[in-house]
Each structure stands twice: as C-alpha cells, then as structure tokens.
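What follows is a short report on a single structure.
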Amino acid sequence: MASHDPTWSSAAGSPTGNGHDNPPAENEMARVILASISEAVIATDAAGCISTINAEAEHLTGWSRQQAIGLPLGDVFRLVDLDNRGPIECPATVAIRENRAFRFETDALLVARDGREFIVEASAAPIRGEAAEPLGAVLICRDVSDNRHLQRCIAWQAGHDALTHLPNRNLLTDRLRQAMAQAQRQRTLLAVCYLDLDGFKPINDRYGHEIGDRVLVSVAERLTALIRGSDTVARIGGDEFVLLLTGAEAPTDFHPVLERLLAEVAAPYHVDSRQLTVTASIGVAICPLDDSDPDTILRHADQAMYYAKQTGRNRYQLFDSEYDRKLGRHREEIVRIRQALKEQEFRLYFQPKVNIRTGKVIGAEALIRWLHPERGLVPLGEFLPVIANTDVTESLDTWVINEVLRQMSAWSAQGFTLPISVNISPDNLQRAEFVDQLAASLAAHADVAPSLLELEVIESAAIDDLGHIRHVIEACHRLGVTFSLDDFGTGYSCLANLRRLPVDGLKIDQSFIRDMLDDSNDLAIVEGVIGLAQVFQSHVIAEGVETTEHAIMLMRLGCDIVQGFGIARPMPAEELPDWVRQFKPDPKWSLWADTHWELTDFPLLVAQYDHIRWVKQLVMAIDQPLGRLDENEITDRHACRFGHWYDHHGRLHYGDLPEFTDIDTTHNRIHEVGTRMLRLHGKGQTEAARLLSAELLRLKDQILEQLHQLQSAVTRRHVDQR
C-alpha cells in the first residue's frame with residue numbers, strides 16, 4: 001500500500017492523511033481506540049486485502065491479526081444468507097467498487113474460521129484519497145446473535161403456548177384465516193374442532209397443577225400425533241384445544257378422525273404411579289358450509305362443544321343453528337338459576353323414610369325445590385338437568401348442606417331430631433376442597449351430630465372414579481357422616497366395586513320399585529340388590545314406594561326401610577315434626593312384620609305377580625291386540641308362567657300343603673274364563689268378552705287370597721322348622 005495514500009497504516013493500525021507517517025503517539029492512540037471499540041472493524045486496501053483488524057473482528061472471524069493482514073477480505077470475513085445459506089458479497093467490496101457507503105438491509109450470517117456462526121449487521125464505507133477515489137474500505141460489523149435469538153424467542157412465545165409448545169390463540173387466528181382461504185380456493189372443507197377435556201378439573205384439584213400440566217402435555221402430544229402436517233392443533237387456554245382439519249370432500253370424511261381423537265384422549269394417562277383418565281367433548285363447525293367470519297366460526301364450534309358436554313360428554317357434535325338457539329336458551333336458564341340462588345328462591349322439602357317392619361319414622365331425605373315467582377313450585381327434575389356439569393351444581397350442593405344443617409339445628413332447639421340425607425352431585429365430590437368445606441359446615445353447626453347427616457351419590461358416579469370416591473367416603477366417615485349409593489341398580493356395579501366402597505347403605509332405584517309388582521325381572525333385580533346389601537352389611541332403602549302392596553313385598557324380601565308417595569309426599573320443613581308425631585303405620589304391614597322370607601321361596605312371589613300381570617294383559621286385550629300373550633298361554637293352564645311354576649317349583653316345595661292344592665281349582669277356572677273371552681274376542685263380541693272380565697278379576701282376587709294363605713302356611717312351616 002503506498003505510504004502517500006490517505007489510508008490505514010498496517011504497521012500502527014492508524015490513519016494517515018498527509019503523505020507522511022503519523023507520529024508514534026498518534027499511532028498508539030489509534031491502536032488503543034480500535035481495540036476499545038466493541039464492534040468488529042476491518043480496513044482494506046483498494047484491492048480488498050486486509051490492512052487492519054481489531055480484537056472484536058479477530059474474535060468473530062477466528063483469525064488473528066497476524067494471520068489476517070494481507071489476506072483478501074472474503075477469505076477472512078465469510079458471509080452467507082441467514083435463510084438459504086447462499087454466499088453474500090462483502091459490503092467492503094461493494095463500497096470500493098461503487099465508491100459509496102453500503103449497508104445490508106437484512107441480517108447476515110458470519111461463518112468463523114472454526115465453524116462458529118454469528119448473526120451480524122454489517123456496513124462499509126470507502127476510504128477516499130484527495131481526488132475522492134477509493135483507496136480501500138472500512139468494514140464495521142456488529143454481533144446481534146443474542147438480540148435476534150431473543151427477538152425470535154419473543155416472537156415464538158407470542159404465538160405459542162409455553163407449556164405444550166402448541167400454537168396459541170394468537171397464532172391460531174392467523175392459521176384459521178389461512179385455512180379458510182385455502183378451503184375456498186381448493187373447494188374443500190375445513191373442520192374447526194373445539195375440544196374441551198372432561199374430568200380434568202378434578203385431577204388438577206386433587207393432584208396439583210404439576211400433575212395436571214403433565215396430563216395436558218400428554219394430551220397435546222396425542223393430538224399432534226393424530227393429525228396430518230397440513231392440519232393444526234392449538235391450545236387456547238386451560239384444558240381447551242382447537243384443531244383445524246383440512247382437505248375433506250364431505251362432512252362425513254371428518255368422522256373417523258374425530259372418533260380416533262375421542263378414543264386417543266380417553267386412553268389412560270400414566271403419571272408417576274397414577275393411572276388417570278379424562279375424556280373429550282368436541283364441537284365442530286365446518287367451513288365453508290358455515291360461512292361466518294373466523295371469530296364466529298370459533299364461537300360456533302365452542303357452542304357445539306358445550307352441547308356435546310351437556311348431552312353426555314366423550315362425544316363430538318357438529319354445529320347447526322338449532323343447537324345455537326337451544327344453547328342460547330340454555331344459557332339464559334342457567335343465568336336465571338344463578339339469580340334464583342342469589343335471591344334465595346330455593347326451598348328444602350323433606351320426604352320421610354319409614355321402617356315398615358317396626359312402623360317407625362327413621363329419617364327423611366332433603367329435596368330441593370325452586371319457588372319461582374311466576375311458575376310456582378318447580379321440582380328438581382325440571383332444573384337439575386339445566387345445571388348439570390356446571391359450577392351451579394356445586395353452589396347448590398353447598399347451599400343444601402348448609403341449609404339442612406341450619407334446619408336440623410332449628411329442629412334441635414324445638415326438641416325434634418331426625419337423620420337427614422342429602423344427594424350430592426358427582427362433580428362436587430370430585431373437588432379437592434369438598435371434604436374440608438363439609439367439615440367447616442359441620443363445625444359451624446356444632447349442635448348437630450354429624451351422624452345425623454347422610455350423603456348420597458348416584459351409583460354410576462361412584463364407579464366412574466372408584467379410588468377417589470372411596471377416599472371421600474372414608475374422609476366423611478372420619479367426620480362422623482354416613483354415605484349411601486343412590487339409584488342403585490342403574491350403574492351396573494360389580495361385586496368387586498361394591499367390596500371396595502365402604503358405603504353404609506344402598507338405595508334401590510325407584511324405576512325397579514315402581515314396576516316390580518308387574519315385571520318379574522324388576523322384582524328379581526330388587527331381590528338381588530337386597531341380597532347384596534345383606535352380604536355387604538349395608539342397610540337398604542327403597543324409593544318410589546307408592547302402594548301398600550309395594551311396601552309389603554319389599555318387607556317380605558328383606559327391605560324394611562322405604563320412602564315414596566305411598567308413605568308421604570315431600571313436605572316443607574315446618575310440617576315434618578307434626579307429621580312424624582302423628583304418623584301411624586299401615587295396619588297391613590303388621591301382618592308380615594314377624595315373617596322373614598326364605599330365598600328358596602322367592603319364586604312363589606314371582607309367580608304371584610306373573611299371575612297378576614297375566615290377568616291385566618288379558619283384560620286389556622278386549623279392546624286391543626293380545627300383545628305379549630299368545631293363545632296357548634290362555635287356553636292351556638300349564639303353558640302360562642304361573643302354571644309352569646305351579647307344576648314344577650311349587651309342587652316340589654309346597655305339594656304337601658293343602659293350601660297349595662286349593663289353588664289348582666281356581667287356576668283351572670281362570671283359564672276356562674280366559675278361553676271363553678278369547679273366543680268371544682275373536683268373533684268380535686267385545687261386550688260379551690268385557691262382561692266376562694269381571695268374573696276373571698274376581699277369580700284373580702280369589703287366587704291371590706289363596707296365595708296369601710299359602711305364603712302364611714309356608715312362613716309357619718319355616719318357624720316350626722327353626
């Protein structure tokens with residue numbers, strides 16, 4: 001490099017501008033200044049060879065000053081494109097060639113000698129002589145790697161969920177717009193699926209957020225594994241996810257993947273030593289069949305999900321406008337019920353429970369009613385389904401427990417004490433704080449013995465989460481509170497489940513009680529439940545008892561505690577004490593109070609009610625087809641179910657009793673009358689057949705009386721044998 005050129009001295013690293021070497025002091029000052037600059041500085045001569053390089057440039061390039069001086073700048077300062085990694089012309093080269101300052105508009109990647117890479121900002125300016133011609137260039141480079149990584153991290157976080165690393169709501173909005181536009185262009189369908197987990201909140205409450213987060217991560221991984229690369233899974237908050245499924249020709253094309261999603265989410269999650277289970281409710285809006293804007297599409301999918309959750313959970317539901325209207329009305333009803341709770345419009349009614357063997361009132365069940373200002377008294381069945389699976393059930397349960405305890409405290413002050421049972425919603429039992437809140441309520445009413453409070457939970461809820469329900473029951477026992485399974489027989493409990501649940505009682509579902517006098521299958525179920533209760537040493541109660549016959553049959557089967565309209569209708573709290581004091585048992589109960597039926601005699605009871613049903617069906621057949629009765633059952637006394645019992649089980653066990661023999665004549669006469677009715681019915685002589693029905697009903701009563709005498713004789717024989 002010519003010493004008279006206004007350039008940088010390679011010996012001292014300092015500029016010269018007057019054609020003579022700078023004094024040593026100035027050269028040293030220039031060297032110190034260059035070393036102190038935090039940016040990389042490299043100077044070149046007119047040929048583009050390095051004349052000066054400072055310490056920061058040595059660090060970034062990996063070349064020492066001694067190695068770099070005199071080398072072409074492109075050998076030391078190697079730039080590539082940040083995205084495609086193609087080579088980039090050095091800014092200093094451009095500055096010398098075009099004799100102007102030059103700066104990259106975008107970042108570049110500097111590849112160091114040892115392979116390290118830095119994201120850099122680089123600019124260069126020519127060093128001009130007296131005639132303004134370029135004598136070289138000065139390159140200034142700044143390492144922006146940390147800043148760019150931070151910016152990219154911030155940008156990524158702005159569009160992604162920190163826990164699952166899925167797109168968040170912000171990025172989902174952009175992806176949804178793109179997917180909708182693509183569906184329009186390609187004339188395909190897009191499914192916007194709003195997914196909410198069922199049963200996640202109890203896991204979070206019971207085991208803590210760390211376990212809950214691990215379940216969410218697992219759900220995210222399962223969802224991602226099931227979709228294609230062109231689809232999207234986003235987490236938009238809590239336990240809510242949105243999936244964008246693209247490229248279908250018809251709505252039914254989405255059904256298989258939706259079924260797989262439900263099955264995959266429902267598979268058990270193994271977290272540490274725990275096996276946890278959640279399911280999913282999915283709402284689906286399909287574009288462009290639903291041609292709304294993106295925000296409305298998401299809202300429609302959300303509403304369909306809500307409907308799926310309300311109609312059973314673990315299912316998917318496609319949106320349509322009718323659901324939208326239903327959901328709107330449903331939400332309005334929930335708001336109104338919340339308002340009713342706030343404005344104290346709810347009341348407790350109490351239905352007594354009676355031990356029909358002893359004739360004593362042994363308790364009552366608290367039943368909530370809504371005293372609506374316009375509609376009057378609204379029963380539970382009309383508003384409970386509305387609030388199912390919402391937080392309103394928890395609020396209502398809490399109100400009921402506190403109100404029951406308050407009422408029991410008030411009764412106690414009047415000298416009246418009676419055990420009260422309360423039905424608790426399954427969702428409430430899942431809450432981690434349920435037992436603590438119950439303990440606090442009991443402490444606030446210390447004058448009420450905890451043993452007077454019984455909690456009831458439906459059987460299906462108990463077997464859904466056996467381990468947790470067992471934990472809750474044991475915790476309630478420690479507080480002194482008892483526990484029963486409600487609606488027993490509808491949840492298909494197995495013996496293993498019952499053995500693991502330390503319940504104090506079983507309540508037979510009223511649907512079996514209501515029809516047990518007409519349906520031998522229901523009668524068998526009732527007998528089976530009573531037997532299970534005896535095996536597990538639990539008390540058993542029958543609800544839905546409407547007649548004296550119901551009560552007597554239950555007592556003979558071994559169920560002594562009953563409730564139902566046949567005993568008393570639910571009544572306000574202020575009426576219950578007087579009702580209990582004035583209660584008188586049905587005199588007919590005492591006829592069977594001292595008898596204990598043997599299991600071997602159960603077919604006799606079944607035969608009795610088979611006969612009653614047979615007669616009812618035949619009488620009804622006068623004005624309509626025979627239904628389930630065929631002609632042979634009417635004309636042949638051995639073909640009906642009662643006749644089959646009489647000829648086999650009855651004759652085997654009671655054939656030596658005269659009371660058994662007496663039945664045969666009446667049974668024959670019944671079939672004779674029935675056959676005549678059948679013939680008249682076939683000839684269209686309806687009135688004549690109807691006249692004979694009175695004789696048939698008289699004979700039915702006669703055979704029932706004979707069966708009663710037989711059962712009394714059987715009971716006496718059992719007593720004598722003891």
Side-chain angles (χ1 to χ4, degrees), residues 510-526 544-553 556 565-566 588 602-651 654-655 657-713:
Q510 61 181 329
S511 62
F512 302 120
I513 303 298
R514 182 179 58 247
D515 298 329
M516 72 176 188
L517 299 184
D518 301 313
D519 190 325
S520 58
N521 291 326
D522 283 349
L523 184 62
I525 291 174
V526 171
V545 174
E546 298 181 351
T547 66
T548 298
E549 288 73 19
H550 281 93
I552 292 175
M553 173 60 76
R556 290 160 68 183
F565 289 174
K588 295 180 181 178
F602 179 68
L604 172 55
L605 300 182
V606 175
Q608 175 179 332
Y609 290 100
D610 277 342
H611 172 68
I612 294 173
R613 182 177 55 184
W614 184 91
V615 171
K616 285 183 178 180
Q617 289 177 330
L618 184 54
V619 170
M620 291 174 60
I622 294 173
D623 298 304
Q624 57 189 5
L626 292 178
R628 286 179 291 179
L629 286 178
D630 61 32
E631 183 174 344
N632 195 44
E633 285 186 79
I634 299 173
T635 59
D636 186 352
R637 66 188 181 89
H638 302 290
C640 70
R641 293 183 65 172
F642 181 85
H644 185 78
W645 166 84
Y646 190 87
D647 292 338
H648 298 88
H649 184 276
R651 193 174 302 281
Y654 318 119
L657 295 174
E659 290 85 355
F660 177 81
T661 306
D662 292 344
I663 295 174
D664 193 41
T665 302
T666 309
H667 184 224
N668 287 339
R669 177 62 181 158
I670 284 176
H671 279 274
E672 290 173 2
V673 173
T675 300
R676 290 172 57 194
M677 290 177 62
L678 179 65
R679 302 288 183 261
L680 292 170
H681 179 272
K683 295 177 182 179
Q685 299 177 16
T686 304
E687 279 304 316
R690 187 176 291 113
L691 290 174
L692 279 179
S693 66
E695 173 65 9
L696 185 68
L697 292 174
R698 185 191 67 78
L699 290 169
K700 181 225 21 171
D701 291 340
Q702 181 177 329
I703 205 169
L704 288 179
E705 178 59 30
Q706 290 173 327
L707 284 169
H708 177 76
Q709 293 173 5
L710 172 61
Q711 291 163 12
S712 299

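Note that these values count all heavy atoms, side chains included, but never hydrogens, waters or copies made by symmetry. Start at 1 with the first residue, then count along the sequence.
Once rounded to the nearest 0.5 Å, the distance linking CD of Gln510 with CZ of Phe565 reads 8.5 Å. To the nearest 0.5 Å, atoms CG (Leu678) and CG (Leu692) are separated by 11.5 Å. If you take OG1 on Thr547 and CZ on Arg514, they are separated by 12.5 Å, rounding to the nearest 0.5 Å.
In terms of the side chain to side chain contact (heavy atoms under 4.5 Å, CB included) criterion, residue partners of His708 (sequence neighbours excluded) are, by chain and number, Trp592, Glu705, Ser712. Every residue two or more places apart in sequence or in another chain that forms a salt bridge (charged side-chain N to carboxylate O under 4.0 Å, His left out) with Arg679 is listed here: Glu631. With sequence neighbours left out, the salt bridge (charged side-chain N to carboxylate O under 4.0 Å, His left out) criterion links Arg637 to Asp664. Shown here are the side chain to side chain contact (heavy atoms under 4.5 Å, CB included) partners of His638, two or more places apart in sequence or in another chain: Asp636, Asp647. Ala688 pairs by the side chain to side chain contact (heavy atoms under 4.5 Å, CB included) definition with Leu680, Gln685, not counting sequence neighbours. The side chain to side chain contact (heavy atoms under 4.5 Å, CB included) check on Gln702 picks up Thr666, Arg698, Leu699, Gln706, with sequence neighbours excluded.
Considering all non-hydrogen atoms of both residues, Val545 and Ala551 come closest at CG1-N, 3.9 Å. Of all heavy-atom pairs spanning Ile634 and Trp614, the tightest one is CA-CZ2, 3.9 Å. Heavy atoms only, all atoms of each residue included: Glu659 and Gln709 are closest at CG-O, 4.0 Å. Residue Leu657 comes nearest to Ala713 through the heavy atom pair CD1-CB, 4.4 Å, listed as atom of the first residue, atom of the second, then distance. Minimum heavy-atom separation, Gly655 to Thr661: O-OG1, 4.2 Å.
At least one side-chain heavy atom of Arg669 sits under 4.5 Å from a side-chain heavy atom of Glu695. The shortest side-chain heavy-atom distance between Phe642 and Ile663 falls under the 4.5 Å cut-off.
No donor-acceptor distance shorter than 3.5 angstrom exists from the side chain of His649 to the backbone of Trp645, with no hydrogens or angles considered.
Between His667 and Tyr646, the two ring planes are tilted [angle within 30° to 60°].
Residue Val615 is tested with Leu696, Leu704, Asp701 for a side-chain contact (heavy atoms from CB on, under 4.5 Å); the sole match is Leu696.
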